[in-house]
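Keep in mind the model is a prediction, meaning the values are calculated, not measured. Positions are given from 1, in the same order as the sequence printed here.
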Amino acid sequence: MKNLSISGAEAVIRSLLAEDVKTIFGYPGGAIMPIYDALYDFKDDVNHILVRHEQGAIHAAQGFARASGKTGVVFATSGPGATNLITGLADALIDSTPVVCITGQVASHLLGTDAFQETDVIGISMPVTKWNIQVTKAEEIPAAIARAFYLASTGRPGPVLIDITKDAQFGKMDFLYEKCTTVRSYVPKPKVDQSQLEKAVELINQAQKPYLLIGQGILLSEAENELLQFVEKSGIPVASTLLGLGAFPANHPNYVGYLGMHGNYAPNVLTNECDVLIAIGMRFDDRVTGDVSRYAKQAKVIHVDIDKAELNKIVKADVAVNADAKQALTYMTKLVQEKTHDAWIQKFRTLEQEEINEVILDAINPQSTELKMSEVVNLISETTNGNAIIVTDVGQHQMITSRYYKYQSPKSNITSGGLGTMGFALPAAIGAKLGAPEKEVIAIIGDGGFQMTIQELGTILQCGAAVKIVILNNNFLGMVRQWQELFFDKRYSFTDIKNPNFLKIAEGYGIEGQKVTAREELQSGLNKLLSSRESYLMEVIVEQEENVFPMVQTGASVSEIILSERHGANL
């Protein structure tokens, strides 16, 4: 059959359609105008979401990818359009999110001349992408896009960027698209070394106090069922990292909580009492380990990760297994002995009760007249039965949501983990709603982070995504303020923030909303938010100086976690 002769710009669109792309987030400009012109003829095939800033585009694509399990797609122009993607690329790389970014570039004969809106986006983006390429000829476009989708979505997922010069977009070519299924020297799914898994299972079977830490790798490999089978056969207690939340049901009897600097008390303390530590699909981030020189030194460590670079990078493993989580769990479940570890799990429950008595009871049923972030999140969790997609920004509200929202299903926790990007939540929630339209999507955002991408309310106005927005407003940059209180003698240096009238701003974008200032208004306000068929904003005025506890201080051991403000009086 004769190949279709088309422009490079049209080849971009047809290549994306061949990859079953139905949604694109972007912002047009001069250097990518030919691609946008080609897109005009495919408006019935592709839903293009016009964002209000390119950073909004890539965060929306991240939210789309995390909620749908598909690869997010972004269009941006050259120069500032491309550089505005860099924060999102860095965020997607560290959080293993598959995104394909296509940027326009000046004509190839102008490269290196400091032409208008010319920037070396390949050089700039190289440290924050899994792969990038500059295309200068039309005929190179289909193969570049095919490789981009393959690399973004396989192995440890991540962002890729294709920079296409304007003359390549205008150039003519004979179009033929072939999906990429292999790249030389790239092994996305390592061959499982069964002998290593057998060594791991031998340690597990001998253990008296085994402890399983799970990360986002479980979700990325869709190994939730395999994890459940492994846990229910082995009887091992399970704790989750921030990005692993939702991979294992929070109401399961073997689930013992959330790890990390502001995680639950028991999972942190008992890390330094287990005899075998099993880490699957997590990277031993510093927020999890605390002082790594005092982290789980008594334990034999088993580390399973698809990315070989993560093995022995931070924590030395006695058994390091370079494997996909689903394959590893399937094999280990066959060999692991059927056991219960009731006495060991009871240790977690005893410490959990301490945390409940000391922290949680007052957090969810406070005696103070002011509303607490923790009670708001707890009520959202109870009202939605833990089944909504929760998108959080970065700060105190993020940690509180991770603690008090009881995630019951996969792909329900979308947050900026490794990079900690303020401004992430609003655009990511738009993408999440478009990626999973059948789900309730609630963005829980601090008053500071909300204003970093507040313009994306315009995207909601135009695309109609029914995102529910909860602003927890304490008129502070809360996490920084907490550190200033505890470690800088309450010298609140530029963390009190004067906020605008959020409801009037939302009204200007056609979004209804309400302000909640009293406890008796909270449930009815939440009911109104959840019952709305359109986007809705609820601003909740919360206690100004609420702190997040427990807390592991920087440089401390996880077993030195401070349970509450009373226990940390000597800070």
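If you look at Tyr407 and Phe248, their ring centroids are not closer than 6.0 Å. In summary, the aromatic rings of Tyr265 and Phe348 are positioned with their centroids too far apart to meet the 6.0 Å limit.
Ile561 is not listed as a side-chain neighbour of Leu563, based on a closest heavy-atom distance of 4.5 Å or more. Taking the side chain as every heavy atom from C-beta outward, Leu245 and Ser402 approach each other to under 4.5 Å. Inter-residue side-chain proximity for Ser368 and Glu543 is flagged as met; some heavy-atom pair is nearer than 4.5 Å. Under the 4.5 Å side-chain criterion, counting only non-hydrogen atoms from C-beta, Val256 is not in contact with Val238. In this structure, Ser125 and Ile86 have side chains that are in contact, with non-hydrogen atoms separated by less than 4.5 Å. The shortest side-chain heavy-atom distance between Glu224 and Leu219 falls under the 4.5 Å cut-off.
Between the side chains of Glu539 and Asn473, a donor-acceptor pair is found at a separation under 3.5 Å. Asn264 and Glu355 are linked by a side-chain donor-acceptor pair at a separation below 3.5 angstrom, with hydrogens and angles left out of the test. Using modelled atom types and a 3.5 Å distance limit, the side chains of Arg66 and Asn413 yield no donor-acceptor pair. One side chain, His252 or Glu232, offers a donor N or O that lies under 3.5 Å from an acceptor on the other.
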request  = Take Asp285 and Arg283 through the salt bridge (charged side-chain N to carboxylate O under 4.0 Å, His left out) test and state the conclusion after the steps.
outcome  = CA-CA 6 Å; Asp285 176 80; Arg283 58 189 180 85; 3.4 Å; yes
request  = List the steps, then state whether side-chain contact (heavy atoms from CB on, under 4.5 Å) holds for Ile444 with Val391.
outcome  = CA-CA 6 Å; Ile444 300 177; Val391 187; over 6 Å; no
From CA spacing to verdict: salt bridge (charged side-chain N to carboxylate O under 4.0 Å, His left out), Glu560, Arg294 = CA-CA 10 Å; Glu560 296 171 337; Arg294 292 183 285 164; 2.8 Å; yes
Worked check of salt bridge (charged side-chain N to carboxylate O under 4.0 Å, His left out) between Glu222 and Lys411 = CA-CA 10 Å; Glu222 298 182 333; Lys411 299 185 178 71; 3.8 Å; yes
message = Quick one, Asp275 with Gln298, criterion side chain to side chain donor-acceptor pair (under 3.5 Å). Give me CA distance, side-chain angles, the key distance, then yes/no.
response = CA-CA 6 Å; Asp275 56 3; Gln298 80 294 338; over 6 Å; no
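For Asn357, the side-chain contact (heavy atoms from CB on, under 4.5 Å) partners at least two apart in sequence or on another chain are Gln353, Leu361.
No donor-acceptor pair closer than 3.5 Å links the side chain of Ser412 to the backbone N or O of Ile389. Judged by distance alone, the side chain of Gln482 and the main-chain N or O of Val548 form a donor-acceptor pair under 3.5 Å. Counting only distance, with no hydrogens or angles, the side chain of Thr392 and the backbone of Gln398 share no donor-acceptor pair below 3.5 Å. One N or O on the side chain of Thr241 and one on the backbone of Gly244 form a donor-acceptor pair closer than 3.5 Å.
Evaluation of the ring-ring contact (aromatic ring centres under 6.0 Å, His included) test over residues 282-330, restricted to residues two or more places apart or in two chains, returns Phe284-Tyr295, Phe284-His303.
When each of Arg156, Lys313, Lys130 is checked for a salt bridge (Lys or Arg N to Asp or Glu O under 4.0 Å) with Asp307, only Arg156 meets the rule. The side-chain contact (heavy atoms from CB on, under 4.5 Å) test with Met332 is passed by exactly one of Leu329, Val336, Thr330: Leu329.
Remark: Glu354 does not engage Arg349 in a salt bridge, criterion side-chain N to carboxylate O under 4.0 Å. At a threshold of 4.0 Å, the pair Lys406-Glu382 does not count as salt-bridged, since none of the basic side-chain nitrogens sits closer than that to a carboxylate oxygen.
For Glu198 against Leu335, the heavy-atom pair with the smallest separation is CG-CD1, 3.7 Å.
Summarising the geometry, atom CD belonging to Gln216 is positioned 10.0 Å from atom OG belonging to Ser240; distances are rounded to the nearest 0.5 Å.
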